[in-house]
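Input: a single structure, listed below in structure tokens.
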Amino acid sequence: MKKLLVITMMIVCGIVTAFAQKPAEIKFDKLTHNFGTFSEKEPVVTCTFTYTNVGEQPLVINQAIASCGCTVPEYTKTPIKPGETGVIKVTYNGTGKFPGHFKKSITVRTNGAVEMTRLYVEGEMTEAK
């Protein structure tokens, strides 16, 4: 009786494992964006990070938070189906900031296999002349 129960459990576990789908998985085209050099006269710069759901379940971005209030991420709020793409638009506003090099991070949290990914934006803001 015990052997029959163990064999049955092994078969059920094998079937469940075989039919289990891969969770959602996010893949970015790049993790860092360099704005290069820009003037303090035009302190607002924007870039876009494109990502693809390479998993088998819908991907949802739960949160995208910047390390500083001068950096604002905007992201696709609807679930991204497997194989589809979405974007995270990041705007850096250097108004009132000291000229020079900066590097800011954006923490992205998803329902994917990898729950947290960190994106970076950097650049050099030169003094207005």
Side-chain angles (χ1 to χ4, degrees):
M1 184 70 170
K2 288 182 183 179
K3 286 183 181 180
L4 181 60
L5 184 62
V6 170
I7 290 172
T8 303
M9 290 298 288
M10 289 175 64
I11 291 172
V12 168
C13 288
I15 291 172
V16 168
T17 303
F19 286 106
Q21 290 186 335
K22 207 169 96 172
E25 188 176 343
I26 194 166
K27 182 176 183 198
F28 283 94
D29 61 340
K30 60 184 175 182
L31 297 177
T32 302
H33 179 81
N34 190 331
F35 291 114
T37 303
F38 59 95
S39 174
E40 189 178 20
K41 289 180 183 178
E42 296 180 22
V44 180
V45 288
T46 302
C47 71
T48 302
F49 291 91
T50 303
Y51 60 89
T52 304
N53 179 0
V54 295
E56 295 178 3
Q57 298 291 321
L59 175 73
V60 177
I61 293 184
N62 299 318
Q63 194 176 50
I65 298 178
S67 60
C68 171
C70 60
T71 307
V72 179
E74 297 174 40
Y75 56 94
T76 308
K77 305 258 192 290
T78 57
I80 303 298
K81 295 178 184 174
E84 291 185 353
T85 61
V87 295
I88 298 178
K89 179 182 168 185
V90 178
T91 302
Y92 172 79
N93 186 346
T95 303
K97 304 292 180 197
F98 288 107
H101 183 266
F102 66 89
K103 185 169 187 174
K104 307 294 179 182
S105 67
I106 298 92
T107 303
V108 180
R109 296 186 187 279
T110 71
N111 68 329
V114 176
E115 294 178 6
M116 186 187 83
T117 305
R118 198 157 277 139
L119 306 173
Y120 297 94
V121 292
E122 64 181 311
E124 179 97 20
M125 185 168 70
T126 59
E127 190 173 343
K129 295 179 182 171

query: How about Thr48 and Ile88: do any of their side-chain heavy atoms sit closer than 4.5 Å?
result: no

query: Can you tell me how far the NE2 atom of His33 sits from the CG atom of Leu119, to the nearest 0.5 Å?
result: 12.0 Å

task: For residues Lys104 and Cys70, determine if any side-chain heavy atom of one lies less than 4.5 Å from a side-chain heavy atom of the other.
output: yes

field: Pairs where residues 67-101 contributes a residue and the test ring pair (Phe, Tyr, Trp, His ring centres under 6.0 Å) is met, not counting sequence neighbours
entry: Tyr92-Phe102

- prompt: Between Lys89 and Thr46, is any pair of side-chain heavy atoms under 4.5 Å apart?
  reply: yes

query: Which atom names give the shortest non-hydrogen contact between Val90 and Phe35, and what distance separates them?
result: O-CZ, 4.5 Å

message: Would you compute the distance between atom NZ of Lys41 and atom CD of Glu127 and round it to the nearest 0.5 angstrom?
response: 11.0 Å

message: So does Val54 get a backbone contact from the side chain of Thr52, meaning a donor-acceptor N/O pair under 3.5 Å?
response: no

task: Apply the test side chain to side chain contact (heavy atoms under 4.5 Å, CB included) to residues Leu31 and Thr117: give CA-CA distance (whole Å), side-chain angles for both, the deciding distance (0.1 Å), then the verdict.
output: CA-CA 9 Å; Leu31 297 177; Thr117 305; 3.9 Å; yes

query: Would a 4.5 Å heavy-atom cut-off, applied to side chains only, mark Phe49 and Thr32 as touching?
result: no

message: Do Val44 and Met125 sit in one hydrophobic cluster, given that two such residues count as connected whenever their side-chain heavy atoms are within less than 4.5 Å of each other, even indirectly?
response: no

message: When you compare the side chain of Thr76 with that of Tyr51, does any pair of heavy atoms fall below 4.5 Å?
response: yes

message: So which atom in Ala64 and which in Pro73 form the shortest heavy-atom distance, rounded to 0.1 Å?
response: O-CG, 3.4 Å

message: Keeping Glu56 on the side-chain end and Lys22 on the backbone end, is there a donor-acceptor pair under 3.5 Å?
response: yes

- prompt: Between Asn53 (side chain) and Glu84 (backbone), is there a donor-acceptor pair under 3.5 Å?
  reply: no

task: Please tell me if the side chains of Lys81 and Pro58 come closer than 4.5 Å, counting only heavy atoms from C-beta onward.
output: no

query: Val60, Ile65: one ILVMFWY side-chain cluster at the under-4.5 Å cut-off?
result: no

- prompt: Between Thr71 and Ile106, is any pair of side-chain heavy atoms under 4.5 Å apart?
  reply: yes

task: Return yes if some donor-acceptor pair links the side-chain N/O of Asn34 with the main-chain N/O of Glu124 below 3.5 Å, else return no.
output: no

message: I'd like to know whether Val121 forms a side chain to side chain contact (heavy atoms under 4.5 Å, CB included) with Cys47, so could you lay out the CA-CA distance, the side-chain angles of the two residues, the decisive distance to 0.1 Å, and finally the verdict.
response: CA-CA 9 Å; Val121 292; Cys47 71; 3.8 Å; yes

- prompt: Are Lys103 and Tyr120 in a cation-pi setup, meaning NZ or CZ lies under 6.0 angstrom from the ring centre and within 45 degrees of the ring axis?
  reply: yes

Check: Glu25 side chain, Gly55 main-chain N or O, donor-acceptor pair, under 3.5 Å: no

- prompt: Are Phe28 and Ile61 co-members of a hydrophobic cluster defined by side-chain heavy atoms under 4.5 Å apart?
  reply: yes

query: Just wondering, do Ile26 and Val114 contact through their side chains at under 4.5 Å, heavy atoms?
result: no

